[in-house]
Amino acid sequence: MAAPAPKMELEGTKWRVEHQKGKNDLVINVEAPKQSVYLFKCQDTVVQIKGKVSSVCLDACTKTAVVFDTVIAAAEIVNSKRVQIQANGSVPSITVDKSEGVIIYLQTAEARQAEVVTSASTEVNVVVPGKTENDDPKEHAIPQQFISKFEGEKFTTKAVEHVGV
């Protein structure tokens, strides 16, 4: 059975970018903030989203990167491996579900206000610029190990902290 044909088209208010492979020059020019972008089963692909978009979703993508200006609602990564997203503007929420090897670049002060929610995911890192242009970017690992125990009458959960040697 032949692989499905690559697709990059606007359907209603949703940009569908599907089955792209080895493309590093895909650009979406968002015409209205109500438009959303949905990437499905893309591999070795880079997509740049110009303008303000309602949401961005990477679903079942591998080695794919998305660079965007501003997301109004949320950026979502699900069932993906070795993907990157870069927020050059604001994004209130980033959700990572059932994914591994995710790098989230938060390039602006507005982007660094984002709430990052992870579920059933491993190797998730958030990268922010250094304090000055001459400083190296800072990488922060999202915990993937937790300790849960009863404390008094409540059951509490906190991230495992590993101390470097």
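One-based numbering along the sequence shown.
Expressed to the nearest 0.5 Å, how far CG of Leu26 lies from CH2 of Trp15 amounts to 11.0 Å. Rounding to the nearest 0.5 angstrom, the gap separating the CD1 atom in Ile94 from the OG1 atom in Thr118 is 11.5 Å. Note that NZ of Lys154 is 11.0 Å distant from OG1 of Thr157, once rounded to the nearest 0.5 Å. The line from CG of Asp44 to OG1 of Thr64 is 7.0 Å long, rounded to the nearest 0.5 Å. Taken from CD in Gln86 to CD1 in Ile49, the straight-line distance is 11.5 Å, to the nearest 0.5 Å. To the nearest 0.5 Å, atoms CZ (Arg82) and CD (Gln43) are separated by 8.5 Å.
Taking each heavy atom of Cys42 and Val17 in turn, the nearest pair found is SG-O, 3.5 Å. Contact between Tyr38 and Asp59 at its shortest, heavy atoms only, is OH-OD2, 2.7 Å. In this structure, Lys34 and Thr13 approach most closely via the heavy-atom pair O-CB, 3.9 Å.
Using a distance-only test at 3.5 Å, with no hydrogens or angles considered, a donor-acceptor pair links the side chain of Ser80 to the main chain of Cys61. Looking at Asp69, its side chain does come within 3.5 Å of a backbone N or O of Gly51 through a donor-acceptor pair. Between the side chain of Ser54 and the main chain of Gln35, a donor-acceptor pair closer than 3.5 Å is present. In terms of modelled atom types and a separation under 3.5 Å, the side chain of Gln20 and the main chain of Lys7 share a donor-acceptor contact. Looking only at distances, a side-chain donor or acceptor of Ser121 sits under 3.5 Å from a matching main-chain atom of Ser99. A donor-acceptor contact shorter than 3.5 Å is absent between the side chain of Ser55 and the backbone of Ser36.
Among Ile104, Thr122, Val83, Val117, the one residue that satisfies the side chain to side chain contact (heavy atoms under 4.5 Å, CB included) test with Val96 is Ile104. The residue from Val47, Val53, Val56 that alone fulfils the side chain to side chain contact (heavy atoms under 4.5 Å, CB included) condition with Ile28 is Val47.
Residues Met8 and Phe40 do not share a hydrophobic cluster, clusters being chains of Ile/Leu/Val/Met/Phe/Trp/Tyr side chains in contact below 4.5 Å. Leu58 and Val126 fall within a single hydrophobic cluster, where Ile, Leu, Val, Met, Phe, Trp and Tyr are joined by side-chain heavy atoms under 4.5 Å apart, directly or via other members. Side-chain heavy atoms closer than 4.5 Å link hydrophobic residues (I, L, V, M, F, W, Y) into clusters, and following such links, possibly through other members, connects Leu106 to Ile142. Under a hydrophobic clustering in which Ile, Leu, Val, Met, Phe, Trp and Tyr are joined whenever their side-chain heavy atoms come within less than 4.5 Å, directly or via other members, Leu10 and Val71 fall into the same cluster. Hydrophobic cluster membership differs between Ile103 and Val128, with clusters built from Ile, Leu, Val, Met, Phe, Trp and Tyr side chains linked at under 4.5 angstrom.
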Working for side-chain contact (heavy atoms from CB on, under 4.5 Å), residues Ile85 and Ile77
CA-CA 9 Å; Ile85 63 169; Ile77 299 167; 3.9 Å; yes

Could you walk me through whether Ile72 and Lys52 pass the side-chain contact (heavy atoms from CB on, under 4.5 Å) test, one step at a time?
CA-CA 7 Å; Ile72 297 167; Lys52 190 181 283 191; 3.7 Å; yes

Using the side-chain contact (heavy atoms from CB on, under 4.5 Å) rule, take Thr45 and Asn24 through it: C-alpha gap first, then chi angles, then the decisive distance, then the call.
CA-CA 5 Å; Thr45 296; Asn24 62 5; over 6 Å; no

Determine, step by step, whether Val66 and Phe68 satisfy the side-chain contact (heavy atoms from CB on, under 4.5 Å) criterion, reporting the C-alpha distance in whole Å, the side-chain angles of both residues, the deciding distance to 0.1 Å, and the verdict.
CA-CA 6 Å; Val66 175; Phe68 57 83; 4.2 Å; yes

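The residues Arg16 and Glu9 are annotated as not salt-bridged, no charged nitrogen and carboxylate oxygen being separated by less than 4.0 angstrom.
The shortest distance between side-chain heavy atoms of Val67 and Asn88 falls below 4.5 Å. Between His140 and Lys138 the shortest side-chain heavy-atom distance falls below 4.5 Å. Residues Val46 and Lys23 form no side-chain contact, since every pair of their non-hydrogen atoms from C-beta on lies 4.5 Å or further apart.
Contacts of Asp135 classified as side-chain hydrogen bond (donor to acceptor under 3.5 Å, both in side chains), with partners at least two apart in sequence or in another chain: Thr132. Residues forming a side-chain hydrogen bond (donor to acceptor under 3.5 Å, both in side chains) with Gln48 (at least two apart in sequence, or on another chain): none. The side-chain hydrogen bond (donor to acceptor under 3.5 Å, both in side chains) search around Thr108 returns Glu110, not counting sequence neighbours.
With hydrogens and angles left out, the side-chain atoms of Glu123 and Asn125 include no donor and acceptor closer than 3.5 Å.
The environment of Glu115 atom CD is sparse: at most 12 non-hydrogen atoms of other residues, nucleotides or ligands sit within 6.0 angstrom.
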